[in-house]
Structures are given as C-alpha cells and as structure tokens.
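Numbers here are sequence positions counted from 1. Side-chain atoms are counted along with the backbone in the values below, which use heavy atoms only and exclude waters and symmetry mates. Keep in mind that this is a model prediction, so the values were computed, not measured.
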Amino acid sequence: MKKKSIFSRFNNWFIFSLMTLVVVSIVIASTLVVNYLKKEEVKRVDILVSALKFQQEVKTPSLEIQALLLQIYSSNTTIPLIILDKNDQIMVHKNIPQDIENDPEQIVVLAKKMAKSYPSIEIKVPDGNNQFVYYDNSGILNNLQYFPFLLGIFVLSYFLFSFWFLRTVKKTDEGYLWAGLAKETAHQIGTPLSSMIGWMEIMKLDNPESEGVHEIEKDIERLRTISERFSKIGSVPELNDKNFNETIQENYDYLKTRISRKINFTLHQPTYTIFVPHNKILMSWVIENLVKNAVDAMKGQGNLLMTVFERNKNIIVEVKDDGSGMTKQQARSAFKPGYSTKKRGWGLGLSLAKRVVQEYHNGDIKIVQTEVGKGTTFRITIKKTEEEKA
C-alpha cells in the first residue's frame with residue numbers, strides 16, 4: 001500500500017483550514033453587516049424625527065423647506081413608524097402590517113411593542129400635546145437578523161461533517177492497511193505451506209497409519225484455512241454456508257484438542273439445525289479469536305462456555321470465560337485496531353472479528369458483561385434465515 005506523502009497530507013489540512021476560515025469569516029462579516037444596517041436605520045429615523053421637530057418649530061416654512069420635509073418623510077418606505085400623542089391618539093403611521101392599518105387599538109399595541117426594541121422619541125409641540133415616535137427595524141432587516149444564526153448552524157454542520165469525513169478517511173486508510181497486510185500474509189504463508197503438503201504426502205507413503213502424521217495433516221489443513229481467511233480480507237466473501245451448527249461444532253472440536261487440558265471447555269447449542277447464511281472460513285476465524293482471547297484471559301486454566309441459541313429471529317453465540325476480565329476503558333477499546341492488553345499482541349484479532357461480523361455478515365459483536373477478576377462474555381448476533389428447523 002502506497003503511503004501518502006507529507007505534501008498530500010499538508011494539502012488536505014490546508015484546504016480544510018482554508019474552508020473553515022472562509023466560513024467563519026462569512027459569519028463574522030454577516031453579523032457586522034446586520035449591525036451596521038441597524039445603525040443606519042436608526043440614523044434615518046433620527047433624521048425623520050428632526051424634520052418633524054423642525055416642522056413643529058417653524059410655523060411658515062418656505063416651499064423649498066416643505067418640499068424637503070416631504071421628501072424626507074416619503075423616502076421612508078421600509079421602516080415601520082407610528083406617531084402617538086400623549087393620550088395615545090394616533091397621529092401618523094407608516095409601513096405597518098396591512099391587516100391592522102384600520103384598527104386603532106392594534107396600532108397602539110404595536111407601538112408599545114416597538115418601544116421594547118427601541119425607546120420612543122418625544123417631539124415637543126407648542127400646545128403641550130407632545131407627540132411620541134415609535135419605530136422598529138424594517139422587515140428585511142428583521143429577517144436578516146436570523147441570518148448569522150443560520151450560518152452558525154451551517155458552520156456547526158460543516159464541522160460535524162468534516163469530523164465525520166476525516167474519521168471515515170482514516171478508517172478507510174486503516175482498512176486498506178489491514179487488508180493489504182492480510183493478503184500479503186496469505187501470500188507469504190502459501191509458499192511454505194505448499195512445500196509442507198508435499199512433504200506430508202511423502203511421510204504418508206512411509207507410514208500412512210501414523211497418528212502423528214494424521215495430526216500434522218490436520219494442522220496443515222488448518223494452515224490452509226488460515227491462509228484462505230487472510231486472502232478474503234478486503235474482498236466481499238460469499239455467504240454460501242448455511243448449517244451454522246456444523247461450523248460451530250467443527251471449531252469446537254478442533255479448538256478443544258488444542259487448548260490447555262486445565263480449561264473446562266464446553267459447548268451448548270440446539271439439537272435442531274440452525275440455518276444462517278455465513279462464510280464458514282471467516283466465521284471460524286471469529287470464533288477462534290474469541291476462544292483464544294478467553295484462554296489468554298484465564299491464563300491457561302478455568303471454565304470456558306460457548307452457547308448458541310435463538311432470540312427474536314436472531315442467532316446468538318456467546319463465549320463466556322471466568323478469566324481476568326476487563327475495566328470499562330478496556331472494554332470500550334477492545335475492538336479498536338491496534339489495541340491490545342498483551343505485551344506481544346498486535347491488536348488485530350478482535351478488530352478483524354468485528355469487521356467480519358458487522359460488514360460481511362450484517363450482524364453485531366460486543367462485550368455484554370465483564371468485570372475485573374470475574375471474567376468476560378462476548379456476544380455475536382446474526383439474523384437467521386426463514387427456513388424450517390431440521
């Protein structure tokens with residue numbers, strides 16, 4: 001597998017940082033624009049109020065001044081404006097919702113509501129019936145106020161997507177790494193295995209009934225199976241095997257003869273045949289990994305129970321040991337690639353087992369119970385087929 005160059009990784013982070021900077025800049029700029037527009041509208045209202053005050057103070061303005069005052073008043077086509085006297089009688093209103101234009105009570109209610117956003121401006125008149133100007137942001141500006149929040153949600157979504165994307169890329173790279181490692185291992189095992197098969201045939205000619213020869217032949221066949229397992233990682237396996245009992249029984253029989261006699265290894269499974277589409281080679285690998293982990297946890301002695309049963313149209317396989325158990329932190333990290341509590345472990349077994357169950361068999365594998373000093377229970381869950389029990 002070709003390793004990414006440092007320039008390629010730098011370019012990825014540079015693009016990510018640049019996009020982040022652009023999005024954050026847009027949010028800040030939009031907030032500044034909205035605040036600027038608010039101040040500009042307040043200035044326009046101040047100019048309008050100044051014109052109204054001037055009109056009250058000057059009894060006989062010239063035609064030019066009257067035209068200027070009218071132009072200032074007419075130029076306001078967006079800012080809602082209500083002028084009330086001291087008795088809340090409506091003097092003037094402009095740019096308010098059409099549905100309340102002919103309802104004096106609602107206009108007064110709207111004016112009082114406007115006062116919560118901006119304080120009213122008092123205009124003193126000679127007869128003492130002072131007027132009060134109420135105003136609010138224009139409709140466009142009110143809508144723009146939510147724009148920074150929408151951008152904030154967009155930014156949050158952007159960061160979450162980026163986080164998910166980077167994690168996905170990392171997992172994909174790890175997947176390619178493990179798949180490449182597995183295929184290379186299968187290739188390396190193949191050469192000496194072929195030689196061993198040839199020598200085995202020669203040994204069988206000399207002493208065909210030897211028990212040792214038969215046992216070595218079983219181990220060679222197991223090596224052939226292991227090689228096939230590694231070669232299937234990274235490709236989509238065919239789920240042609242159906243008899244799940246047979247797969248479990250074969251693994252139990254093989255592993256029982258190759259683990260410590262100080263371990264009481266027992267198997268409980270239904271007497272009828274369970275039909276589950278699976279790949280026997282890969283599922284055997286999963287079972288073997290769980291059993292070997294249990295044996296290591298018990299340090300070569302203890303009780304190991306493998307149970308197969310049905311629940312809610314699912315087939316469940318549990319592997320329970322009474323070994324050292326795990327802490328909560330260890331249990332959370334058990335299936336992560338590279339994580340291992342063993343000094344010489346690579347931390348690939350459980351990670352690959354999880355991939356086989358989840359990605360290839362559309363099932364689930366997890367730790368359902370563990371306690372330091374009392375043991376651990378692993379559970380595999382796979383959906384069963386709709387076939388009759390045999």
**For F378, ring pair (Phe, Tyr, Trp, His ring centres under 6.0 Å) partners two or more places apart** = none

**Prompt:** Which residue pairs pass the salt bridge (charged side-chain N to carboxylate O under 4.0 Å, His left out) test with at least one member in residues 18-40, sequence neighbours excluded?
**Reply:** E40-K43

**Message:** If the condition is side-chain hydrogen bond (donor to acceptor under 3.5 Å, both in side chains), which residues does D322 pass it with, not counting sequence neighbours?
**Reply:** N303

**Item:** Qualifying salt bridge (charged side-chain N to carboxylate O under 4.0 Å, His left out) pairs, either residue in residues 74-93, two or more places apart
**Value:** D88-K112

**Message:** Under the salt bridge (charged side-chain N to carboxylate O under 4.0 Å, His left out) definition, can you give me all pairs with a residue in residues 252-266, not counting sequence neighbours?
**Reply:** E215-R258, D219-R258

**Asked** Should side-chain heavy atoms under 4.5 Å link Ile, Leu, Val, Met, Phe, Trp and Tyr, which residues sit in the same cluster as L84?
**Response** I82, I90, I96, I100, I107, V108, L110, M114, F132, Y134

**Message:** Nearest 0.5 angstrom please: L304 CG to D321 CG, how far?
**Reply:** 6.5 Å

**Item:** V357 and its side-chain contact (heavy atoms from CB on, under 4.5 Å) partner, picked from T381, N362, I365
**Value:** I365

**Message:** Looking at D241 and K280, would you say the former's side chain and the latter's main chain have a donor-acceptor pair under 3.5 Å?
**Reply:** yes

**Message:** To the nearest 0.5 Å, what is the distance between OG1 on T247 and NE2 on H278?
**Reply:** 2.5 Å

**Message:** Is any side-chain heavy atom of K242 closer than 4.5 Å to one of P277?
**Reply:** yes

**Asked** Given side chains that start at C-beta, do those of V317 and M283 come closer than 4.5 Å, heavy atoms only?
**Response** no

**Request:** Please check if any side-chain donor atom of Q329 sits under 3.5 Å from a side-chain acceptor atom of S333, or the reverse.
**Result:** yes

